[in-house]
Undergrad: 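Shown below is the structure under consideration.
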Amino acid sequence: MVMFDHLRARDLKEEYSSRKITDEKAFYDIWCEDIAKDQDLLSRALNGGIVSHCFSWVFLSGYQSAISHTFSEVNKDDWASFAVSEDRTGEKPGLNWTKSDGIFVLDGYKTWVAGVGQTQQLVVKAGRGEQALYFCVERETAGLSFELKEKGFLPEMSEGIACFNDVKLSSEKLVSSERVRLFGKSEILYIYLSFCGLVIGRSNNETISGDSWALAKRIGTALQDDDYSEIKSIDHEIQETRLKAKDSVEGVPGWEQDQKLIAMYSKGIQGN
C-alpha cells in the first residue's frame, strides 16, 4: 500500500466533519481513542491534522509523533512532553540530579510543558555537559507537580511549568539521548506533516488538497528515512501551501494569528 492510502480511503474529512472538538481534553480523547490506534507515527501526525480545526491540535499531533520518533522508551500510546526550557533568571533553578544508593533524585524546574493539562509523561534532561542525563517521568510520580502558565499564541493548548521536588527514579527511567540532536528537524517535519493534514481536511480547493497529499508523502518519506537533506525544499513547498491555502481553508478560527506556527520555522531552515 502506498504511504497514507489507508487514511485517504477512510475519508477522514467526512468522518470527522460533524464531530465537535471543543477543547484540549476533547482532542486528547479523540487522539487516544482513534488516532493512536494507528501505530505508524507518520499516519498519526497526518491524521491528527486532518481532524483538527486549529493550529493547537496541529502542533500537538506533530509533537507527539516527534517525541515518540526520538525516544523509543516513551509510551507512544499516550501524550508526552519533551520539557527542555529552563528559567534563565535563576528564580526557578534548572533541573539537576544526584544519585544515592542506586536511586536518582531530581530537583528543579522545567519552564515549558506543552499540553500540560493532558500530558501523562515528561521527557527531561537533568544536569549539564557530560553529566547530563535524560529521563522519562510519569505524571503521577511522587514529588512532581505542575503550575499552569498563561496561554501562549496557540490559545487552545494548555502550557505549564514542571516542578521536581526530591523526585526519586530508578535507572529504568533513563532514556537514550542518541537521537536528541535530530529532534528539532524531525519535530518541524512532523508538524509540517500535520499541517498538510489540516489543509487536506479544511480546504475547499481540490487542487490544494491534492497537492497537500503529495507533499505529505514527500515529508513522510524524509522522516521514514531520517533524511533531512531536502528540508529547505520541503519548507519552501510548505510555505507556499500556507499562503495558497489561506483563502480556501474553512472553519479554522485564528488562522491569521496562529499560522505563524508554520511560518516561524522557515527563517531558521533557510538561514536568512
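We number each residue from 1, following the sequence as shown. For the numbers below, each heavy atom of this structure counts, side chains included, while hydrogens, waters and symmetry mates do not.
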Undergrad: Please report the interatomic distance OG(Ser209) to CZ(Arg202), rounded to the nearest 0.5 Å.
TA: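 Rounded to the nearest 0.5 Å, the OG-CZ separation comes out at 12.0 Å.
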Undergrad: Working note: Ile35 + Val51, criterion side-chain contact (heavy atoms from CB on, under 4.5 Å); need CA distance, chi angles, decisive distance, verdict.
TA: CA-CA 9 Å; Ile35 296 171; Val51 307; 3.9 Å; yes
Undergrad: At what distance, to the nearest 0.5 angstrom, does CZ of Phe71 lie from OG of Ser177?
TA: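 Here the rounded value is 8.0 Å.
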Undergrad: When the side chains of residues 256-263 are checked against the rest of the protein, which donor-acceptor pairs come out under 3.5 Å, sequence neighbours left out?
TA:
residue : atom : partner : partner atom : Å
Glu256  : OE2  : Lys246  : NZ           : 3.3
Gln259  : OE1  : Arg242  : NH1          : 2.6
Gln259  : NE2  : Glu256  : O            : 3.2

Undergrad: Mind checking the CG-CG spacing from Asp166 to Asp107? Nearest 0.5 Å is all I need.
TA: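 Here the rounded value is 5.5 Å.
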Undergrad: Just jot down the side-chain hydrogen bond (donor to acceptor under 3.5 Å, both in side chains) partners of Asp235, sequence neighbours excluded, or say none.
TA: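 With neighbours one apart ignored, the set is Tyr192, Gln239, Ser266, Gln270.
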Undergrad: Classify the ring geometry between Phe4 and Trp213 as parallel (under 30°), tilted (30 to 60°) or perpendicular (over 60°).
TA: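 Judged by the thresholds at 30° and 60°, the geometry between Phe4 and Trp213 is tilted.
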Undergrad: Quick check: closest heavy atoms across Ser56 and Leu154, and the distance to 0.1 Å?
TA: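 Here Ser56 and Leu154 meet closest at OG-CB, 3.4 Å.
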Undergrad: Indicate yes or no: at least one non-hydrogen side-chain atom of Ser233 is less than 4.5 angstrom from one of Arg218.
TA: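 They are in side-chain contact.
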Undergrad: If you compare all heavy atoms of Ala45 against all heavy atoms of Ser65, which two are closest, and at what distance to 0.1 Å?
TA: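 Scanning both residues completely, I find the closest heavy atoms to be N-OG, 3.7 Å.
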Undergrad: If you measure from CD1 on Ile208 to CG on Leu215, what distance do you get to the nearest 0.5 Å?
TA: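 The CD1 atom of Ile208 sits 12.5 Å away from the CG atom of Leu215.
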Undergrad: Going hydrophobic residue to hydrophobic residue with side-chain gaps under 4.5 angstrom, can you get from Phe82 over to Tyr28?
TA: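 Hydrophobic grouping puts Phe82 with Tyr28.
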Undergrad: So Phe104 and Trp97, would you call those rings parallel, tilted or perpendicular, with 30° and 60° as cut-offs?
TA: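 Geometry flag for Trp97 against Phe104: perpendicular rings.
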Undergrad: Do the side chains of Leu133 and Leu144 join up, straight or via other hydrophobic residues, at under 4.5 Å, putting them in one cluster?
TA: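 Result: yes, single cluster for both.
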Undergrad: Find the distance between CD1 (Ile191) and CE (Met264) and round it off to the nearest 0.5 Å.
TA: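 Ile191 CD1 to Met264 CE: 6.5 Å, rounded to 0.5 Å.
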Undergrad: Take a 6.0 Å sphere around CD of Glu206 and say whether it holds more than 12 heavy atoms from other residues, nucleotides or ligands.
TA: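 Count not over threshold, so no.
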Undergrad: Verify the cluster assignment for Leu148 and Met157: are they in a single hydrophobic cluster under the rule of side-chain heavy atoms below 4.5 Å apart?
TA: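 Not linked; separate clusters.
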Undergrad: Closest approach of Leu106 and Phe164, non-hydrogen atoms and distance?
TA: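 Closest approach of Leu106 to Phe164: O-CB, 3.7 Å.
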Undergrad: When you measure from the side chain of Ser194 to the backbone of Tyr190, do you find a donor-acceptor pair of N or O atoms at a distance under 3.5 Å?
TA: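 The answer is no, because no donor-acceptor pair under 3.5 Å joins these two groups.
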Undergrad: Do the side-chain N and O atoms of Trp79 and Gln64 include a donor-acceptor pair separated by under 3.5 angstrom?
TA: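 No pair is found: no donor N or O on one side chain lies under 3.5 Å from an acceptor on the other.
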Undergrad: Run the side-chain hydrogen bond (donor to acceptor under 3.5 Å, both in side chains) test on Trp57 and Glu156 for me, step by step, so that the C-alpha distance in whole Å, both residues' side-chain angles and the decisive distance to 0.1 Å come before the verdict.
TA: CA-CA 8 Å; Trp57 315 152; Glu156 300 86 359; over 6 Å; no
Undergrad: When you look at Val167 and Phe135, which way does the side-chain contact (heavy atoms from CB on, under 4.5 Å) test go after all the steps?
TA: CA-CA 11 Å; Val167 172; Phe135 298 86; over 6 Å; no
Undergrad: Asp38 and Ser43: which non-hydrogen atoms are nearest, and at how many Å?
TA: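 Nearest heavy atoms, Asp38 then Ser43: OD2-CB, 3.3 Å.
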Undergrad: Has the side chain of Thr111 got a donor or acceptor atom that lies under 3.5 Å from a matching backbone atom of Ser85?
TA: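 Side chain of Thr111 to backbone of Ser85: a pair is present.
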Undergrad: Could you go through the ring-ring contact (aromatic ring centres under 6.0 Å, His included) check for Phe153 and Phe55 one step at a time?
TA: CA-CA 10 Å; Phe153 82 88; Phe55 282 90; 9.0 Å; no
Undergrad: With a 6.0 Å cut-off (strictly less than), is the heavy-atom count around NZ of Lys92, excluding the residue itself, greater than 12?
TA: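 Enclosed: over 12 neighbouring heavy atoms sit under 6.0 Å from NZ of Lys92.
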Undergrad: Hey, any chance Ile219 and Leu243 share a hydrophobic cluster, counting ILVMFWY side chains that come within less than 4.5 Å of each other, even indirectly?
TA: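 Cluster IDs for Ile219 and Leu243 differ.
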Undergrad: Using modelled atom types only, decide if a donor and an acceptor are shared between the side chain of Glu73 and the backbone of Ser176 within a distance under 3.5 Å.
TA: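 Pair found, side chain donor or acceptor close to backbone of Ser176.
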Undergrad: Kindly give the heavy-atom pair with the smallest separation between Ile67 and Ala80, and that separation in Å.
TA: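 Smallest heavy-atom distance, with atoms named: CD1-O, 3.5 Å.
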Undergrad: Lys76: what forms a side chain to side chain contact (heavy atoms under 4.5 Å, CB included) with it, not counting sequence neighbours?
TA: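 For Lys76 the side chain to side chain contact (heavy atoms under 4.5 Å, CB included) partners, ignoring immediate neighbours, are Gln39, Leu41, Arg44, Ser68.
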Undergrad: So, Ser186 side chain and Phe183 main chain: donor-acceptor pair closer than 3.5 Å or not?
TA: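 Yes, the answer is positive, given that a donor and an acceptor are paired below the 3.5 Å cut-off.
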Undergrad: Are Asp211 and Lys244 ion-paired here, with the side-chain N under 4.0 Å from a carboxylate O?
TA: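 Looking at Lys244 together with Asp211, the answer is no, because their closest N to O distance does not fall below 4.0 Å.
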Undergrad: Just how far is it from atom NZ of Lys185 to atom CD1 of Ile269, taken to the nearest 0.5 Å?
TA: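 One gets 9.0 Å once the value is rounded to the nearest 0.5 Å.
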Undergrad: Side chain of Thr70, backbone of Ala66: donor and acceptor closer than 3.5 Å?
TA: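 Looks like yes, one N/O pair under 3.5 Å.
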Undergrad: Grouping I, L, V, M, F, W and Y whenever their side-chain heavy atoms are under 4.5 Å apart, do Leu169 and Tyr109 come out in a common cluster?
TA: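 No, separate clusters.
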Undergrad: Between Asp227 (side chain) and Ser229 (backbone), is there a donor-acceptor pair under 3.5 Å?
TA: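 Checking the backbone N and O of Ser229 against the side chain of Asp227, a donor-acceptor pair under 3.5 Å is found.
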Undergrad: Tell me yes or no: between the side chains of Ser81 and Tyr63, is some donor less than 3.5 Å from an acceptor?
TA: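 Looking only at side-chain atoms, Tyr63 and Ser81 do form a donor-acceptor pair, the distance falling under 3.5 Å.
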Undergrad: Could you list the donor-acceptor pairs under 3.5 angstrom formed between side-chain atoms of residues 120-131 and any protein atom two or more places apart in sequence or on another chain?
TA:
residue : atom : partner : partner atom : Å
Gln120  : NE2  : Gln118  : O            : 2.6
Gln121  : OE1  : Asn75   : N            : 3.1
Gln121  : NE2  : Asn75   : O            : 2.7
Gln121  : NE2  : Asp78   : O            : 3.4
Arg128  : NH2  : Glu86   : OE1          : 2.6

Undergrad: Once side chain to side chain donor-acceptor pair (under 3.5 Å) is applied, what residue pairs with a partner in residues 132-153 remain, sequence neighbours excluded?
TA: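 Counting only pairs at least two positions apart or across chains, the side chain to side chain donor-acceptor pair (under 3.5 Å) contacts touching residues 132-153 are Glu138-Lys173.
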Undergrad: Show your working on side-chain contact (heavy atoms from CB on, under 4.5 Å) between His53 and Leu198 and close with a plain yes or no.
TA: CA-CA 7 Å; His53 75 282; Leu198 177 73; 5.8 Å; no
Undergrad: Ignoring hydrogens and angles, tell me if any N or O in the side chain of Asp101 forms a donor-acceptor pair with the backbone of Ile103 under 3.5 Å.
TA: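 It does not hold such a pair.
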Undergrad: Working note: Val113 + Ile161, criterion side-chain contact (heavy atoms from CB on, under 4.5 Å); need CA distance, chi angles, decisive distance, verdict.
TA: CA-CA 6 Å; Val113 179; Ile161 297 170; over 6 Å; no
Undergrad: Please name the residue in the list Thr207, Val199, Asn205 that meets the side-chain contact (heavy atoms from CB on, under 4.5 Å) test with Ser248.
TA: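 Of the listed residues Thr207, Val199, Asn205, the side-chain contact (heavy atoms from CB on, under 4.5 Å) partner of Ser248 is Asn205.
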Undergrad: Would you say Ser158's side chain and Val116's backbone share a donor-acceptor pair under 3.5 angstrom?
TA: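 Yes; at least one donor-acceptor contact below 3.5 Å.
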Undergrad: Partners of Thr89 by side-chain hydrogen bond (donor to acceptor under 3.5 Å, both in side chains), sequence neighbours excluded?
TA: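 Listed in chain order: Asp87.
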Undergrad: Could you tell me which non-hydrogen atom of Gly108 sits nearest to which non-hydrogen atom of Leu95, and how far apart they are?
TA: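 So the minimum-distance heavy-atom pair works out to N-CD1, 3.9 Å.
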Undergrad: When you compare the side chain of Phe59 with that of Glu187, does any pair of heavy atoms fall below 4.5 Å?
TA: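 Result yes, sub-4.5 Å side-chain heavy-atom pair found.
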